[in-house]
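In what follows, a single structure is set out as structure tokens and then discussed.
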There are 2 protein chains.
Amino acid sequence: MVVKESPALDRIFQALANPSRRAMLRMLTDGEQNISSLAEPLQMSFEGASKHVRVLEQAGLVARRVRGRVHLVRIRPMALVQANEWLEFYTRFWNQQMDALEAMFDEE
Amino acid sequence: MVVKESPALDRIFQALANPSRRAMLRMLTDGEQNISSLAEPLQMSFEGASKHVRVLEQAGLVARRVRGRVHLVRIRPMALVQANEWLEFYTRFWNQQMDALEAMFDEE
DNA sequence: GATATATTCAACTATATGGTTGTAAAAGAA
DNA sequence: TTCTTTTACAACCATATAGTTGAATATATC
């Protein structure tokens, strides 16, 4: 098998692998926020948080619009939907396994 | 916000962020396989593939059982279900957004 | 016992990641 | 204009990741 590349999925899962970034996404479900307010509750430097935003942005998980000096960041759930679709295949597989297990018990 | 840690989720998403590892999971839906046969289609050294298996294992995405000299690896979809549950929150959010958008169009 | 197979371990390399600090720039407020 | 706020850029550091190679170990097979 030559591994079918999916750089988009790589970046999405990579972005989700960090708890600070997941926290940011959680915050953004309350609506658009600028980087400062995203940074504030995370105990790290502003620049650290800013880097996390860039990672999320490159994964397509957030988008930003610039209003004067503040950068407003909003969640873009479409990328998450993409991750979800990838996982769906396996949850289907999981359900099949569960069904098979049940059938085995029923046979006894 | 003090980021609520979830090392399990960290490891799961981290493991999924690599295309070779995702390919391995895909292969394992056909059933248990030993490391050699997982390694074969990936163009990398055996040891490279073996490391990937260890990453998947530590994320709880696969388990192995040793039968003599071969290590049989099987998928463990439970961890994937965990990732799926995390994503579910956002797909719900996504659907709400879609509904709101539809409502806006309807009003016009 | 000798050989082949499947795997791990150890050491190493290159690059990525997550974080820092200091400096600069742009925009709003005084 | 000056001061403050919000952000980016550059350089740096420590650690992790993805990969390699060579040697060792355990189990089958001849």
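Naming convention: chains lettered A, B, ... in sequence-line order (proteins, then strands); numbering from 1 in each chain.
- Taking the six-membered ring where the residue is Trp, B:F13 and A:F13 present parallel rings, their angle staying beneath 30° rather than reaching 60°.
- Of the residues in residues 28-38 of chain B, not one comes within less than 4.0 Å of DNA chain D through any heavy atom.
- Phosphate proximity of D:dG19 to B:R21: absent, as no side-chain N or O sits under 4.0 Å from OP1 or OP2.
- Considering all non-hydrogen atoms of both residues, A:S37 and A:N34 come closest at OG-OD1, 2.7 Å.
- Proximity of B:L16 to B:L80: side-chain heavy atoms (C-beta onward) are separated by under 4.5 Å at one or more points.
- A:E85 places a side-chain heavy atom less than 4.5 Å from the side chain of A:V81.
- The nucleotide whose nearest atom lies closest to any side-chain atom of B:R64 is, among C:dA11, C:dT7, C:dG19, C:dT7.
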Could you give the side-chain donor-acceptor pairs of residues 54-77 of chain A under 3.5 Å, partners two or more places apart or in another chain?
residue, atom, partner, partner atom, Å
A:R54, NH1, A:S50, OG, 3.1
A:R54, NH2, A:E47, OE2, 3.0
A:E57, OE1, A:R64, NE, 3.3
A:E57, OE1, A:R64, NH2, 2.8
A:E57, OE2, A:R64, NE, 3.1
A:R64, NH1, A:H71, ND1, 2.9
A:R65, NE, A:E32, OE2, 2.5
A:R65, NH2, A:E32, OE1, 2.8
A:R65, NH2, A:E32, OE2, 3.4

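- Between the CZ atom of B:R54 and the P atom of D:dG19 there is a distance of 13 Å, rounded to whole Å.
- Between D:dA8 and A:H71, a contact under 4.0 Å exists linking OP1 or OP2 to a side-chain N or O.
- Rounded to whole angstrom, the span from the CG atom of A:N18 across to the P atom of C:dA16 amounts to 18 Å.
- The nearest whole Å value for the distance from the CD atom in B:Q58 to the P atom in D:dA18 is 12 Å.
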Under 3.5 Å, which N/O atoms of the protein pair with N/O atoms of nucleotides 22-30 of chain D?
residue, atom, partner, partner atom, Å
D:dT27, O2, B:R69, NH1, 3.3

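- Note: CG (A:L72) to C1' (D:dT6) measures 11 Å, nearest angstrom.
- Contact check for B:F89 versus A:T29: side-chain heavy atoms found under the 4.5 Å cut-off.
- The distance from atom CZ of B:F13 to atom P of C:dT17 is 17 Å, rounded to the nearest whole Å.
- Per the geometry, CD belonging to A:Q43 stands 10 Å off P belonging to C:dT20, to the nearest Å.
- For A:I12 against A:A79, the heavy-atom pair with the smallest separation is CD1-O, 3.6 Å.
- Between the CD1 atom in A:I35 and the NE2 atom in A:H52 there is a gap of 12.5 Å [rounded to 0.5 Å].
- Dashed line: the shortest gap from a side-chain N or O of A:S45 to OP1 or OP2 of C:dT20 is under 4.0 Å.
- Between the side chain of B:Q14 and the backbone N or O of A:Q14, no donor-acceptor pair lies under 3.5 Å.
- Among the nucleotides D:dA18, D:dA8, C:dT8, the one closest to the side chain of B:H52 is D:dA18.
- Atom NZ of A:K51 is separated from atom P of D:dA8 by 12 Å (rounded to the nearest Å).
- In this structure, CE of A:M44 is placed 12 Å from P of C:dT21, rounded to the nearest angstrom.
- Listed pair B:S50 / C:dT7 fails the phosphate criterion, with no side-chain N or O lying under 4.0 Å from OP1 or OP2.
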